[in-house]
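Comments concern the structure below.
Every number for a ligand or one of its atoms is a count from 1 in the order of the listing. All values below were derived from every heavy atom in this structure, side-chain atoms included, with hydrogens, water molecules and symmetry-related copies excluded.
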Amino acid sequence: MTRHFLRDDDLSPAELVEVLDLADRMKAEPFDHKPLAGPRTVALVFDRPTLRTQVSFAAGIAELGGNPMTVDGGLAAMGSREGVEDVARILGRQAAAVVWRTAHQADVVTMAAYAGVPVLNALTDEFHPCQLLADLQTVREHKGTLAGLRVAFVGDGACNMGNSWVLAGASAGLHVVVGAPQGFTPDAHVVARAREIAQDTGGSIDLTTDPLEAAAGADVVVTDSWVSMGREEESEERLRIFPPYGVTDDLLSHAAPDAIVLHCLPAYRGKEISEEVIEGPHSVVWDEAENRRHAQKAVLTWLLEHSA
Ligand code: NVA
């Protein structure tokens with residue numbers, strides 16, 4: 001069976017630990033693992049803007065002994081020139097794995113059904129699971145543990161990062177509290193699934209509209225842009241609603257004194273995060289960005305090893 005990583009719960013809690021442990025080993029010894037020696041090619045397909053995802057996958061695949069092949073989703077004109085089903089079979093005949101950033105989760109599911117090789121979701125509107133691996137690696141690095149920690153996700157809980165945090169957080173046994181305005185909470189089905197997972201891991205998921213209640217006592221404070229890709233036409237309304245949810249020194253004063261702050265970037269300083277916080281002593285955003293490489297190398301290696 002070919003294994004894919006399309007959403008955070010595609011890895012069981014035990015598998016998540018395996019991948020995070022491998023990510024730590026790969027960070028310690030970046031050139032010791034060569035599962036792509038040949039070099040085998042990995043297709044990196046982007047229909048949407050990218051910086052961290054492209055550079056971290058390209059650098060990571062090279063470190064694994066492979067060849068990163070970037071495909072411009074716009075040039076490929078997927079969906080209009082040819083369907084995802086056909087593109088999947090073309091890519092699967094050239095590449096050992098496919099990494100795809102696109103809008104709709106349903107499309108990465110179709111890619112996985114037809115590619116015949118592992119498919120990794122490099123961000124859809126619904127999930128950003130590769131980012132969460134890097135985030136969890138970063139939290140574990142700074143806190144020494146995951147299970148039992150309290151995480152505040154403050155801001156637009158309805159975006160890919162909100163959904164991924166509740167799912168991956170549940171798998172990791174974290175207590176995740178989402179502080180988001182009414183109408184901007186993570187998807188109800190995702191929350192239900194996360195709560196199901198949390199029953200086994202000892203984690204929990206809570207939702208509140210009060211950002212300070214979310215931040216209270218948090219070991220980890222997470223935020224993301226208030227205007228995700230594809231939501232640009234809602235900017236004006238969102239910029240009116242979200243200001244009370246900014247991660248500022250004031251909000252942080254409600255968290256644990258040694259709280260760390262994560263942001264998947266790009267950051268809009270003065271909006272979802274203040275200049276003082278992102279540049280301040282609690283911020284671990286640069287470690288988090290670096291860990292994209294290690295975590296993605298690990299999950300790619302793990303998927304290849306576990307695909308027949
Ligand atoms: N929620 C953001 C994440 C960017 C990495 C977006 O979708 O634009």
**OP:** Test salt bridge (Lys or Arg N to Asp or Glu O under 4.0 Å) on Arg3 and Asp10 and set out the steps.
**Re:** CA-CA 8 Å; Arg3 294 289 301 258; Asp10 283 345; over 6 Å; no
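Annotation for ligand 1: atoms under 4.0 Å from non-hydrogen atoms of Cys159 are 1 (N). Each of the atoms 1 (N), 2 (C), 6 (C), 7 (O), 8 (O) of ligand 1 lies under 4.0 Å from some heavy atom of Ser228. Of all the atoms in ligand 1, the ones that sit under 4.0 Å from a non-hydrogen atom of Asn160 are 1 (N), 2 (C), 3 (C), 6 (C), 7 (O).
Summary of contacts: the protein heavy atom closest to atom 3 (C) of ligand 1 is Asp224 OD2, 3.7 Å. Atom 8 (O) of ligand 1 has its closest protein heavy atom at Met229 N, 2.9 Å.
Cluster membership check: Val139 does not share its hydrophobic cluster with Val285, using side-chain heavy-atom separations under 4.5 Å among Ile, Leu, Val, Met, Phe, Trp and Tyr.
When every heavy atom of Met161 is checked against every heavy atom of Leu132, the shortest pair comes out as CE-CD2, 3.7 Å. The minimum heavy-atom distance between Gly157 and Val178, with the atom names listed, is CA-CG1, 4.1 Å.
Between the CG atom in Leu212 and the OG atom in Ser253 there is a gap of 8.0 Å [rounded to 0.5 Å].
Asp224 and His128 form no side-chain donor-acceptor contact under 3.5 Å, judged by distance and modelled atom types alone.
Here Leu265 has backbone heavy atoms under 4.0 Å from ligand 1, and that is the only part of it that gets that close.
In this structure, Ser225 has no heavy atom closer than 4.0 Å to ligand 1.
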